[in-house]
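We name chains A, B, ... by the order of the sequence lines, and we start the count at 1 in each one.
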Amino acid sequence: MSDQPKTPGTDHDERETSYDVTAVESKWQRVLEELQPFRADDEAVLSGRKEKRYALTMFPYPSGDLHMGHAEVTALHDVIARYWWQRGYEVLNPMGWDSFGLPAENAAIRNDAHPADYTYGNIDTQLESFRRYGVSFDWSRRFNTSDPEYYRWTQWLFLRLHEKGLAYRKNSPVNWCPQDQTVLANEQVVDGACERCGAEVTKRELTQWYFRTTAYAQELLDSLDDLQPTWSSKVVNAQRNWIGRSEGAHVDFVVEGREEPLTVYTTRPDTLFGATFMVVAADAPLAAELVTPEQQEALDAYLVEVRKETEIARLATDRPKTGVFLGVHATNPLTGTRIPVYAADYVLADYGTGAIMAVPGQDQRDWEFAQVFDLPIIRTVQPPEGFDGEAYTGDGPAINSANDEIDLSGMGVDEAKRTAITYLEGRGLGRGTVNYRLRDWLLSRQRYWGAPIPIVHCPEHGEVPVPEDQLPLLLPDLRGADLKPKGTSPLGAATDWVETTCPTCGGPARRDTDTMDTFVDSSWYFLRYVSPHDETQAFDTRLANAWGPIDLYVGGDEHAVLHLLYARFFTKALRDMGLVAWDEPFSAYLSQGKVINGGRKMSKSLGNGVNLGEQLELFGVDAVRLTLVFASPPEDNIDWADVSPAGALKFLQRAWRLSGDVTSAPGTDPADGDRALRQVTHRTVRDAESLVESHRFNVVVARTMELVNATRKAIDSGPGAADPAVREAVEAVAVLLSLVAPYVAEEMWERLGHEPSVARAGWPTVEESLLVQESVTAVVQVRGKVRARLEVAPDISEADLEAAALADEAVQRALEGAEVRKVVVRAPKLVNIVV
RNA sequence: GCCCCGGUAUCCCAACCGGCAGAGGAAGCGGUCUCAAACACCGUCCAGUGUGGGUUCGAAUCCCACCCGGGGCACCA
C-alpha cells in the first residue's frame, strides 16, 4: 500500500499534532456501548413528550462481511439519524438481517451443512463490523427474518392476505430459472434473465401462489404523486413505468360457432375499422379453446416451437413474426367483415385479455404479421405528407372509418377514441377500460431456506390454512444434499413433515411444500422493529402508528421496483385490514449511488475491488465515513479512484488539533468573543440545518471544513486561542462532525472538557443577531460587466443604491459618452446600468 | 422507440427565486519547517458552465433542438 499510514510519524514538536486513530476508535466504541445513547424510547413518543423520527436503511443479506456499499449507505443514513438526535427528536434507527435466501442454501449444499450455519455465522461477522463502524443503531431491536419468532408472523400475515383473497393460487405460464430450479416473479426477471444468477429464464405452466398486487395498481400509481417531492425521481419514474397504466377499451368480437365473444384489449379503439385479423397468445388457454380439430395439430407443433424459446430470444423485436391459423373466423363489429383468428407468440397470455385485434395499418407488429401471412392492410389514420414508414402510429385525421351508424372521418386520434368508445358502449360491443402492465406477485418458491407457506391441502377441503396457534410452521430439518434443487421443493422430501392431517376434518392431508419469496420477509420488517420482541402479534399497531411512517429510507435503487413496490403493497393491504393507519411506508426515500473503482463496478474478475476492512485499517472508521459522505451528492456514484481517504484523515487531524488549542474554560460565555468568527460559526450551523435536511451532506462537510479553516486562522493570526469565539467554533465543529465522524468528535468533545456523548450534546443554538451582516458588497454592472463594488448597508434603499452606483468614479468612467437607458436595481446586491 | 436524471477547472464537486462562475477537497507547482524526508503549515496555478438557438437589463440556472453519459420500460396491443 502506498497510501499514507494513519499512525502519526515521529513527533519532534512538543505539541501533539495528531491523534492515534485506532486508540480513539476502541476507546469510544467501549464507552458508547456502555452509554447506549441511541436507545429509542417508545414511551417518549407514545406520550407525545418528544417528536419522533424513524430512520431506516435497507437491512443486509448476510453474505460474507460488510463491503463498501454497506459502508456508504449506513454512513449517509447515519448523518440524518444523528442529526435528528441532535435536534432533539426521539429517533428510531433499527437494524437487522434479511437472512432467508438462496446463497445460504447453495453454500449448505456445497459444504454438506445447514443453511443456518452459513447465515448466522455471517450475521455475527457483520454485526461485529457494524459495531466497529459506529452507526447509531438501536441494537436492542435487531432480529433476523429467518428466526422462527419472525417468520411466524410472516406466515401469519400470509394467512391474513389469504383470508382477504389477496393471496391465491392459479395455473399459469410462469418464469422459470433453470439454474436456481425455481419460479421467479416478473420483477426478478431482468432482460429475460434471472435477476439473481443471470441464467436465461424459460416459461413453464405451473400452479403457483400469488399476491394480488394488481388490486392496488391504481393506488400504487396515484400515491406516487405524493411521494414525488421526497423520493428520488429515478425510483418514482421506474415505478410508474413498471405499473404501466394504459387507457383503452375492451372490444367483443363474435366468433363463428362460439357462444362467448372473443374480447380483446386495445389502446386504439379508434382504429377498429382497420382490424383485419385477430391474434391470441399461443400459450393461453384461449388458443386451445378456439382451435378447430383440423388445425389442432398445427397449433400443437407451433406450441412445441414456442416453448423451446428462452425469454431472451422471445424478447428480440427484430425476429420475424410467426403464428398459426386457428381455423376460425370472427366478425369485425364495425365493418361486418369476416376476419381470421391466429395464434402467435408476439401476443402475451397474461397482458390484457391475451388476445388482440390486429390493425396492421396502425401497428408495426401487426403490419409485420400481415406481411408474413399476406393479410389485408387498411389505413384508418391519414399519415402526414411524405410518410414513408409502414404502420403509422402517430396522430392524424381518421380515414376509412365510417359505416351506417358511426363516422369518425377527419377526427384526430383522441377524439376518434372517445367517439368509438361511446359508440361501442352504447351498442354493448365493448367498454372503455384501464389496463396495467403490473402483474400479480408470484410469491412461491421451490427452495428450502424461506418461510414455509402455512397451507394444508386436503382432498376434502382444498386449501386449508394452518391454524394460528400452530404457528410458526417450522422448516423441517434438512441439510446438505437434501437441498439439491430438483425442480420441486426440497420440503416435499421431508415425508414426516409433509404428511399431516387436515385442520378442518382431521383426515390425511399434505402440507404445501413451497416457501415464500424472501421479498415477502422484507415487505413488512419495518413494522416489526416497533415491537421486535412481541410474542403476541406481528407488530403493535399503536407503536407502528406512533413511530411510522418511516421519515427517511435510504437504500440502493436496485430495489426500485422490487422491494419498494412490494413494501408499498403490503402497507396498503395492512392498512385496509386496520393494522396500520398510514398509506405509505416511506415518506422520503434517498437512493444512494454505488461505490465503483476506476470507472468500473468493483468485481473479482476485474481485480478492482476495494476491501472495506483494509480501508478501515489504513485510515480508520471516521476517515472512511467522511470520505464516503464528502465525495459527492448521495445519489451519485463514488469512484474510489477519485477520492482521498488520506485527505479526509488529514482534515480530521486538523479538526482534532483545534480541540487541543482551545484555552478558555468549558462554559465560557461566547458573547464577547470575536464577532467575525462567531458569525462564521453561526452561519455554518444555520446553513447545515437546511443542507442536512435536503440531504446535501457533501456540502455540510465542505462547510465544516470552512469553519475549521476559519478557526485555525483565528487562533494563529486572529484573536488567538483564548478567545471565547474559538471555543464556540470548535464545539460547533465537534457537533457537526458527530454526524459523520463519531469517534474523533467524541475525542474532541472530551478534550474540550465535556462529558460524553457529543452525539447527544444537542444542536448549537443559532443567534439570529449574528446572521445579519453589517455590510454587504453590491456589484455595479455596466452592460453586464462588473465595473465597481460598493460596501453598503444590507437594508439600503433602491434609490440610495442607484445614486451611490451612479456616483462611483469607475462607473462614471465606464459610462463616459453613453446614454443611460435603464437602471436595474436589486438592493442590496446589484445594480445593472443599461446603455 | 417512449419516459426520467445528469454534463461547471486536470479530477471529485459548490453556486438559494435568473444577479460577481468558486465554497470545499484531490492532484500539480512554489515555499516554510527538517541534516534530509515524511508529517504539518503557508501560498499559488487552473474553467466561462456539452453544442446551437431563443427569452431577459442580466442565463450554469428558464424555453426549444441536438450531442454525450447513467437509469427505467419495451413484440404490453
What's the verdict on side chain to side chain contact (heavy atoms under 4.5 Å, CB included) for A:Met357 and A:Leu272, showing C-alpha distance, side-chain angles and the deciding distance? CA-CA 8 Å; A:Met357 64 180 210; A:Leu272 184 47; 3.4 Å; yes
Check every atom of B:G25, B:A26, B:A40 against the side chain of A:Ser644 and return the nucleotide holding the closest atom. B:A26
Of all heavy-atom pairs between A:Glu247 and A:Tyr265, which one has the smallest distance, and what is that distance? C-OH, 3.5 Å
Test log, rule side chain to side chain contact (heavy atoms under 4.5 Å, CB included), inputs A:Ile596 and A:Met602: CA-CA 6 Å; A:Ile596 60 173; A:Met602 293 186 202; 5.6 Å; no
Within the pair A:Arg696 and B:C16, is there a side-chain N or O less than 4.0 Å away from OP1 or OP2? no
Would you measure the distance from the P atom in B:G70 across to the matching atom in B:A37 and give it in whole Å? 45 Å
Side-chain N,O (A:Tyr346) to OP1/OP2 (B:A77) below 4.0 Å: no
N/O donor-acceptor pair, side chain A:Lys321 with base B:C75, under 3.5 angstrom: yes
With P as the reference atom in both, quote the distance from B:G50 to B:U61 in angstrom, rounded to an integer. 8 Å
Given the C1' atoms of B:G1 and B:G48, what is the spacing between them in whole Å? 37 Å
Taking B:G30 as the reference, what is the distance to B:C62 when you measure between their P atoms (whole Å, please)? 42 Å
For nucleotides 55-59 of chain B, list the nitrogen or oxygen atoms of the protein found under 3.5 Å from its nitrogen or oxygen atoms, one pair per line.
| residue | atom | partner | partner atom | Å |
| --- | --- | --- | --- | --- |
| B:C57 | O2 | A:Asn832 | ND2 | 2.6 |

Could you tell me whether A:Val643 contacts a base, only the sugar-phosphate backbone, or nothing, with contacts defined as non-hydrogen atoms closer than 4.0 Å? nothing
Enumerate all atom pairs, one protein N or O and one N or O from nucleotides 63-70 of chain B, separated by less than 3.5 Å.
none

Note: for A:Ala238 and A:Glu368 on RNA chain B, the residue whose nearest nucleotide lies more 5' is A:Ala238
Closest to side chain of A:Asp642, choosing from B:A77, B:G72, B:C11: B:C11
A:His563 vs A:His559 aromatic rings, parallel, tilted or perpendicular, using cut-offs 30° and 60°? perpendicular
Are A:Asn241 and A:Arg437 close enough, and set up right, to give a side-chain hydrogen bond (donor to acceptor under 3.5 Å, both in side chains), and what steps lead you there? CA-CA 8 Å; A:Asn241 286 339; A:Arg437 218 195 59 94; over 6 Å; no
Provide, to the nearest angstrom, the distance between the CG atom belonging to A:Leu649 and the P atom belonging to B:A26. 12 Å
Closest listed nucleotide, where the reference is the side chain of A:Asn698 and the choices are B:A14, B:A77, B:C3: B:A14
Ring centres under 6.0 angstrom apart (A:Phe369, A:Tyr342): yes
Selected nucleotide, minimal atom distance to A:Met705 side chain, candidates B:G24, B:A26, B:C13: B:G24
Quick note, A:Glu706 side chain, CB onward, closest among B:C75, B:C41, B:A23 is B:A23
C1' gap between B:A27 and B:C13, integer Å: 14 Å
In whole angstrom, what separates A:Leu771's CG from B:C16's P? 19 Å
Could you give the distance separating B:G71 and B:U10 at their C1' atoms, to the nearest angstrom? 28 Å
Classify A:Arg240 by what it touches in the nucleic acid, base, sugar-phosphate, or nothing, heavy-atom distance under 4.0 Å. nothing
With P as the reference atom in both, quote the distance from B:C63 to B:C3 in angstrom, rounded to an integer. 16 Å
Look at all strands and tell whether A:Asn709 reaches a base, only sugar-phosphate, or nothing, counting heavy atoms closer than 4.0 Å. sugar-phosphate
Since syn is defined as within 90° of 0, does B:G52 count as syn or as anti? anti
Expressed as a whole number of Å, how far does the P atom of B:U51 sit from that of B:G7? 13 Å
Result for side-chain contact (heavy atoms from CB on, under 4.5 Å) between A:Leu326 and one of A:Val341, A:Leu286, A:Val279 points to A:Val341
Describe the nucleic acid contact of A:Val347 in one word from base, sugar-phosphate, nothing, applying a heavy-atom distance below 4.0 Å. base
On the nucleotide B:A77, are OP1 or OP2 found under 4.0 Å from the side-chain N or O atoms that A:Arg437 carries? no
Nearest to side-chain heavy atoms of A:Ala702, which nucleotide of B:A23, B:A40, B:A77: B:A23
Using modelled atom types and a 3.5 Å cut-off, is there a donor and acceptor pairing between side-chain atoms of A:Gln188 and backbone atoms of A:Glu195? no
So if I take residues 243-252 of chain A and measure heavy-atom distances to RNA chain B, which residues fall below 4.0 Å? A:Ser246
Taking atom types as they are modelled, is there a donor-acceptor pair under 3.5 Å from the base of B:G6 to the side chain of A:Asp636? no
Evaluate the criterion side chain to side chain contact (heavy atoms under 4.5 Å, CB included) for residue pair A:Leu220 and A:Leu224; output intermediate values, then yes/no. CA-CA 7 Å; A:Leu220 287 167; A:Leu224 288 174; over 6 Å; no
